[in-house]
Protein chains: 2
Amino acid sequence: MAEDKEVTIYDIAKHLNLSAATVSRGLKGSSLINKNTRKKIQDAAKALGYRSNTFASNLRSKQSLTLGVLTPRLNSHFVSAALAGMEDVASKEGYRLIISQSLEEVEKEKLNAQNMFNNRVDGLLVSLAANTESLEHFEPFFNRRIPVVFFDRVANHPDSISVVIDNYTAAYNVTKHLIEQGCTRIMHLGGNLLRNVYSDRLRGFKDALKEHDLPLPAKFHQVSNLSSEAGTQAAEWILSLPPDKRPDAVFSANDTAAVFCMLRLKAAGIKIPEQIAFAGFNNDPISLVIEPNLTTVDYSGYNIGQTAAKNLINHLKGVIDIFMTDAISLRAELIVRASSMRKTSDVRREK
Amino acid sequence: MAEDKEVTIYDIAKHLNLSAATVSRGLKGSSLINKNTRKKIQDAAKALGYRSNTFASNLRSKQSLTLGVLTPRLNSHFVSAALAGMEDVASKEGYRLIISQSLEEVEKEKLNAQNMFNNRVDGLLVSLAANTESLEHFEPFFNRRIPVVFFDRVANHPDSISVVIDNYTAAYNVTKHLIEQGCTRIMHLGGNLLRNVYSDRLRGFKDALKEHDLPLPAKFHQVSNLSSEAGTQAAEWILSLPPDKRPDAVFSANDTAAVFCMLRLKAAGIKIPEQIAFAGFNNDPISLVIEPNLTTVDYSGYNIGQTAAKNLINHLKGVIDIFMTDAISLRAELIVRASSMRKTSDVRREK
DNA sequence: TTGTAAGCGTTATCAT
DNA sequence: ATGATAACGCTTACAA
């Protein structure tokens, strides 16, 4: 049945000797319409090969049923998990998802935001680029009360809400765990401090040290993009130190840097965790492949995505008022694995 | 400047004492319009805080500048890379991306397809669910000549085009490489044969064996979902065999199964590659973490995504006619790493 | 180079 | 419970 002309509600109306208005209502299952006519309308629609015109509907009703997603990059384990969670929720609630990536560049982020604005998304889900400092490009949304939900890499703004994990506490717990394993010279591989995820983790790390009266030797906090190369470089730096000046533990703000740091150190004959214990962050698949398996923080992008989308949609539906809340913090769990198990007496193990 | 009423082209027209038509043209930079008026119009638009209404424009012009993407699941390394490549191309060409996932279920895929159809996407990018058998749900697109580009997990249809890698040849080359390394009892961990990616790899594998007069012992081809659990199970099965009945090489249709199979075998004291050589497929990040590093096939989701999107958009722009082509096959490269290097004389190495 | 006017397919408002 | 009619904001023949 290859239709060539678009079938409109008028065609259905004519077909059934009804008005377009009735058809429109019937199609949406409005309770104003007689149950029988409703059925007739829906049957006719199917028979005629009708498909609703989203544009006309959006134009008239002034809502798009579309959420815009701004991400730093699409090809990241965390982002794709978050997207999956968002899609799960959104599709169930009848919302579409338009996606974009800034490639960590604030300029592209601005463009993407503008695009989303022109596309009249009903709401925005945002994880910020590495170098975003101001939120000016979101002002159009704030001004028009288009709800903005930041997730993971967030920023504070009274007209928005954040969905995060408690990075501070998670990092604090990781560090405390390393200390409990007897580590006293703990090094931290951190990310760009503009982003809450990394600055919070650093704070948690430092506070745990302070609380246990441990020093933070010079250069034991290094900032990088936490790539695999950065991990390898950190290892080179450690190897360049005289053995007694080396850290006895490394806490990396992501798993990638931790794992590639470990690989390089292992190749140099360093024993993990005996000589240097390791902990990462994210619970990436690679953390279960490296030997010894990497202690890390489980960090469910899927959950964060679901939560962010659900809150946004609930707000749009008027079920809750997002603007009352400042931030939603999800549980993050320390997963202790062999890379940090120095005391055999400590029997905490995964699962 | 918090606007509350939407600014339309009529507002700009009134402001400048022009007609709406002129403003519409000026906004698009039409060469019909005087350069000065064009500038005036664009300045006024900015000053008044105008944003174009995509719906009205789409409604009138009957194109959405939107591409729909159907994926099996968003949280997969390959899919997210492909999406990144698509976004890269699409955003440069002024197209938006609406995404969806079938979660490997044909029923959800059907729903998603219908949704995309109602949303009047200009074109479709599709990677099929595991259990999709018929293409009926794409008929509406075929009938209306809405271009459909399959990528990675493809199907044949005269009104569509496929973007793939040459899975057959890649698998053939992997197998040949293992044979050249002296392996004679090669096992294959494969995926669902409904999908070209897995059936083609199996064919390549079998043909390479045949060509070298090697047998395929019973149960040396196993079908699974290629998850980490499936990899572990394959290892258990191998260990359950008497040592002289075990394979001396495993070629897995993805890296995940290969890596987790290796981990289990290593834990049982099997030497890799000496006792069992390994090769995977995908060049996932984990392939560089496992020790020894995994021989695999580099399989750029990013490239596939870019190519698929570029061809689709070129077709939409009338630059090329997609329907003339059947399939585009991208280069896939065998990356030999330590997991399959049995002959020290063989100096082929990565990079 | 600019203007006029019709129409894209819905939904909202007001009637009936 | 249904109908008539006017928007929604833009594009595009056609006219000037």
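Thr37(B) meets the side-chain contact (heavy atoms from CB on, under 4.5 Å) test with Leu18(B), Ile33(B), Asn34(B), Lys40(B); sequence neighbours excluded. Every residue was checked against the side-chain hydrogen bond (donor to acceptor under 3.5 Å, both in side chains) condition with Asn192(B), not counting sequence neighbours, and none meets it. Looking at residues two or more places apart in sequence or on another chain, you find no salt bridge (Lys or Arg N to Asp or Glu O under 4.0 Å) involving Lys62(A). Residues satisfying the side-chain hydrogen bond (donor to acceptor under 3.5 Å, both in side chains) test with Arg120(B), not counting sequence neighbours, are Glu6(A).
Residue pairs satisfying the salt bridge (Lys or Arg N to Asp or Glu O under 4.0 Å) criterion with at least one member in residues 99-113 of chain A, sequence neighbours excluded, are listed as follows: Glu104(A)-Arg153(A), Glu107(A)-Lys110(A), Lys108(A)-Glu87(B). Sorted by first and then second residue, the pairs that involve residues 71-81 of chain B and meet side chain to side chain donor-acceptor pair (under 3.5 Å), not counting sequence neighbours, are His77(B)-Asp284(B). Residue pairs satisfying the side chain to side chain donor-acceptor pair (under 3.5 Å) criterion with at least one member in residues 313-328 of chain A, sequence neighbours excluded, are listed as follows: Glu93(A)-Lys317(A).
Heavy-atom contacts of chain A under 4.0 Å fall on DNA chain D between two terminal nucleotides, which in 5' to 3' order are dA1(D) to dG9(D).
Note: His157(A) and Phe142(A) have parallel aromatic rings, judged against thresholds of 30 and 60 degrees for the angle between ring planes.
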Cut-off 3.5 Å, no hydrogens considered: what does the side-chain donor-acceptor table look like for residues 21-29 of chain B, sequence neighbours left out?
| unit_1 | atom_1 | unit_2 | atom_2 | d |
| --- | --- | --- | --- | --- |
| Thr22(B) | OG1 | Ser19(B) | OG | 3.0 |

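For residues 20-28 of chain B, proximity to DNA chain C is found at Ala21(B), Thr22(B), Arg25(B), defined as any non-hydrogen atom under 4.0 angstrom from a strand atom. Heavy-atom distances under 4.0 Å link DNA chain D to Tyr10(B) of residues 10-18 of chain B, given in residue order.
From one end of the helix from dT1(C)-dA16(D) to dT16(C)-dA1(D) to the other, with five pairs defining each end axis, the axis direction shifts by 30° (rounded to 10°).
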